[in-house]
Structures are given as C-alpha cells and as structure tokens.
Amino acid sequence: MVTLSVIKADIGGFVGHSNTHPEILEIAKKRLEEAKGNGILIDYYVTRCGDDLQLIMTHNKGIENKEINTLAWNIFLECAEKAKELKLYGAGQDILSTAFSGNLKGMGPGYAEIDFEERKSEPVLIFMADKTEPGAWNLPLFRIFADPFNTAGLVIDPEMHDGFTFEVHDVIEHKKVIFRCPEEMYDLLALIGQPGRYIIKYVRRKSDNEIVAATSTTRLSLIAGKYVGKDDPVMIVRAQKGLPAVGEVLEPFAFPHLVAGWMRGSHQGPFMPCSYEDAHPTRFDGPPRVMCFGFQLSNGKLIGPIDMFKDPAFDRAREQANLIADYMRRHGPFQPHLLGADELEYTTLKEVMNKFKDRFQPLE
Ligand code: 13P
Ligand code: 13P
Ligand code: MG
Ligand code: MG
C-alpha cells in the first residue's frame, strides 16, 4: 500500500494574498528532504498555488497518520516564523490553534489523502486552488464520475459502467452520507448544488469500493467562527485503466464555473484553470484559480510533475473566465457577485444595523 498525502496551508502571502515567498518553499523542501532521508517519506514535492503552500508526500503510514501530520504541522510553524520575520501578509494565517496533538483536524491546514495499492501504472492528478472553498470541487467531481456527457468511459469502459459512490460531508451538522450513482444521481445533486454546506469528500468505484478521489474539506471560518482567509482546497484524483482518463478528469475545468471565495472570501467569481506560473491571483485578488499537477507514481516515487493546465486547449476557458470576471465585477457590492448574508465572510452589516437601530421605524 502507498499513501498519497497532500497537506496545505496559507502561512503568509507575498505580496498581499497573491503569491508565496521563495524562502517559504525552500524551508518546506529542506524539511521534506530530511524526512525522505530518515525514511519517513518515500517521496515528496513542494509547490504553491497563489499564497497557499502545498506539501505533496508519499509514504507507507496510512491516512491521518500522526507522524506525517506532525511533520507537516512543524513545517507550517517554521514557515510561519519565517513569514513573520519577512512580515508577509497574514503570516500564520491558517494556523488556527496551538493545541496540536498529532491530528490536523480542526487545526486550520487542509488535507486530502488516499491509501491504495499502486497499479501497474498509476497516473494521479493533484488539483490545488486559491481564493475558493472546498465545495468548488463538487461540480467537476460530479461531471468526472457521474456525467456521461463528460466522461465517455462511464458508457464505454466495462470497468466503470457500474458507476461510483460519492461520500458527501455536511460541514455544518458534521454528518456524512454516501450516494450511489447513477441511480441516486438526483439525490446527490440536491445536496452538492449547495457547495458551502455539502462537500464531496471521497469518490469510490462501485465495483470494488476502491477510493479514486479525495478532497480537503476544511472550512476555516467554521473552525474560527470568523473570517480568516479562504480555505483554498486541494483534491487528488486517480486516473486511467478502469477510471476516468486523464483528459476526462481535466475536461470539466474547460467550463469556468462560479465559485465562492473571491476578494475577502466574500464574492463569487469564475474558477480559472491555469498553469503554475499563472496561479498568481491579482485582479481583485483573483479571480479564483485552479492548477493541476500530474504525476506517475512508481513504487511511491512521484514521477513529475506535468503542469496539466499549461495547454492552449484551456485558453478559451481562461478567456471566458476573464469575460465572466468583467461581468461579475460590474455588480460591485451587489449580489450575486457578493455572497448571500449566510455565506459572507467579512461583513459590516451587523455594525450598520446597530448604528441605525434607532432610525428603523415599523412599516404602517
Ligand atoms: P492511449 O491509447 O494513448 O492509451 O489512450 C487511451 C485513452 O484512455 C485516451 O483517453
Ligand atoms: P486567501 O484565503 O488566499 O488568503 O485570500 C484571502 C482573501 O480573501 C483575499 O481577498
Ligand atoms: Mg492569504
Ligand atoms: Mg490563499
């Protein structure tokens, strides 16, 4: 068995919330290289998407492992110290608690992990986002694993023809439910169309219950009880040979759907697929970005990455995202560019209501 762990945190932005300082990446690389030397990890890759630092790691310790969680946590703490020294913006932003006891749950950082038997050839795709929330993966995951107009393999590959199951988490009530597709497709959609609350955590192949996709579901504002920056989730998807082809996994991102999380975590904007170089959101702190690194696993070694959205075939999606960004921006402080009151991360509404409470008169 090999475990693929993607653990991420915003530990300070350079400049503002747009990018990550190279010294932060260097610290993470150095510590993961040591962990590889000590035999804790098989392999690793360090990257960033906007102001979020991602640790991509392979090992044999299973998911939610204390040693791996502690390794990541200590790296985030050390990086946060450097971020404070450089006075990077929001230094230590995603470190929400100091009471760490070996488990990242409720601590702030996001994590997506899968444990599996490596196949003869094991292509994996790691998606990383900035300026959005984990529900942003709902639409593409549905299309990859349940929509035959996206994924030809659902119709023509006998190994996929039975369909997939979706484990959905209710992040408000802390409950989970599993839906079987295609037969419960409409029930699944009734929930995941509300991506602020219902988030797809795992997708499994129905025929053997093999986990084929995992997402991070951390919602920072629900942990902190206030706005502390956006969740900026990650997702792992395995591909090919009885699973969607790499191209079927990437295809939904040709449509830059609207996601929550732009500017102060409080606006809707198009989810723009882009290369590593362009995962650097600046316009109105956005628009929200998604980048994707592809790897071939070879006995746990991460062969790659290939920058999957660095393809002119996604130019049109980027162009469309820019048009949608223009259109949405013209709404200024109006919904639906602005999120609804229950989703707003950052708001003066309470103060405004308080200030004018005596001026309110009953109607009639
Ligand atoms: P190859 O014939 O290149 O293996 O491709 C098959 C496939 O899955 C393409 O989507
Ligand atoms: P991050 O969550 O990426 O730090 O962005 C915060 C934000 O909302 C910037 O406008
Ligand atoms: Mg930030
Ligand atoms: Mg971010």
Side-chain angles (χ1 to χ4, degrees), residues 6-25 28 46-55 76 79-84 86-96 107-112 126-137 195-196 215-235 258-274 276-292 325 328-329 331-333 337-340 343-348:
V6 184
I7 304 184
K8 56 87 36 188
D10 176 343
I11 44 91
F14 175 57
V15 169
H17 290 285
S18 69
N19 212 322
T20 304
H21 195 280
E23 286 188 54
I24 300 293
L25 298 172
V46 172
T47 189
R48 61 97 188 110
C49 178
D51 62 358
D52 291 84
L53 169 68
Q54 280 87 14
L55 312 178
F76 294 148
C79 288
E81 278 314 306
K82 175 55 76 178
K84 282 176 194 152
L86 298 172
K87 295 180 75 176
L88 299 180
Y89 198 73
Q93 182 172 292
D94 287 358
I95 295 164
L96 298 185
M107 302 302 293
Y111 45 92
I126 315 267
F127 292 87
M128 297 160 264
D130 193 25
K131 308 298 178 261
T132 191
E133 57 181 30
W137 306 129
T215 68
S216 63
T217 48
T218 307
R219 290 282 328 261
L220 295 165
S221 60
L222 298 176
I223 297 172
K226 59 173 195 266
Y227 171 76
V228 280
K230 216 50 191 170
D231 319 310
D232 302 337
V234 289
M235 168 167 84
L258 289 175
V259 296
W262 196 358
M263 184 47 85
R264 299 168 191 269
S266 303
H267 295 79
Q268 301 271 6
F271 205 22
M272 183 191 267
C274 62
Y276 170 83
E277 285 79 18
D278 292 335
H280 169 55
T282 60
R283 181 182 177 189
F284 200 55
D285 288 358
R289 299 301 150 106
V290 51
M291 59 182 245
C292 175
M328 294 302 282
R329 279 302 302 124
H331 293 80
H337 185 27
L338 189 73
L339 297 184
E343 283 286 327
L344 269 188
E345 297 272 349
Y346 203 109
T347 178
T348 51

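For ligands, and for the atoms within them, numbers begin at 1 and follow the listed sequence. Quick caveat, the model's predicted, so the values are computed rather than measured. Numbers for residues simply follow the sequence, beginning at 1.
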Practice task
Go around the Mg ion (ligand 3) and count every protein N, O or S atom nearer than 2.8 Å.
Solution key: 3
Fill in the blank from the handout: For His337, the ring-ring contact (aromatic ring centres under 6.0 Å, His included) test, sequence neighbours excluded, returns Trp262, His267, Phe284
Handout entry: Test side chain to side chain contact (heavy atoms under 4.5 Å, CB included) applied to Pro134 and Thr215, Asp231, Thr218, the passing residue
Key = Asp231
Exercise for the section: Could you check which N/O/S atom of Asp130 is closest to the Mg ion (ligand 4)? Expected result: OD1
Indicate yes or no for a side-chain donor-acceptor contact from [X] to the backbone of [Y] under 3.5 Å, with no hydrogens or angles considered.
X: Gln54; Y: Cys49; result: yes
X: Arg48; Y: Asn19; result: no
X: Lys8; Y: Asp232; result: yes
X: Thr132; Y: Pro288; result: no
X: Thr20; Y: Gly50; result: yes

Practice task
Report yes or no: do Asp51 and His17 form a side-chain donor-acceptor pair below 3.5 Å?
Solution key: yes
Practice task
Anything with a heavy atom under 4.0 Å from ligand 2 counts, so go ahead and list those protein residues by chain and number.
Solution key: Asp10, His17, Asp51, Gln93, Asp130, Lys131, Tyr227, Gly229, Lys230, Asp232, Met263, Arg264, Gly265, Asp285
Practice task
State which residues pass side chain to side chain donor-acceptor pair (under 3.5 Å) with Glu23; sequence neighbours excluded, sorted by chain then number.
Solution key: Lys82
Problem - Enclosure of Tyr89 OH (heavy-atom neighbours >12, cutoff 6.0 Å) - result: no
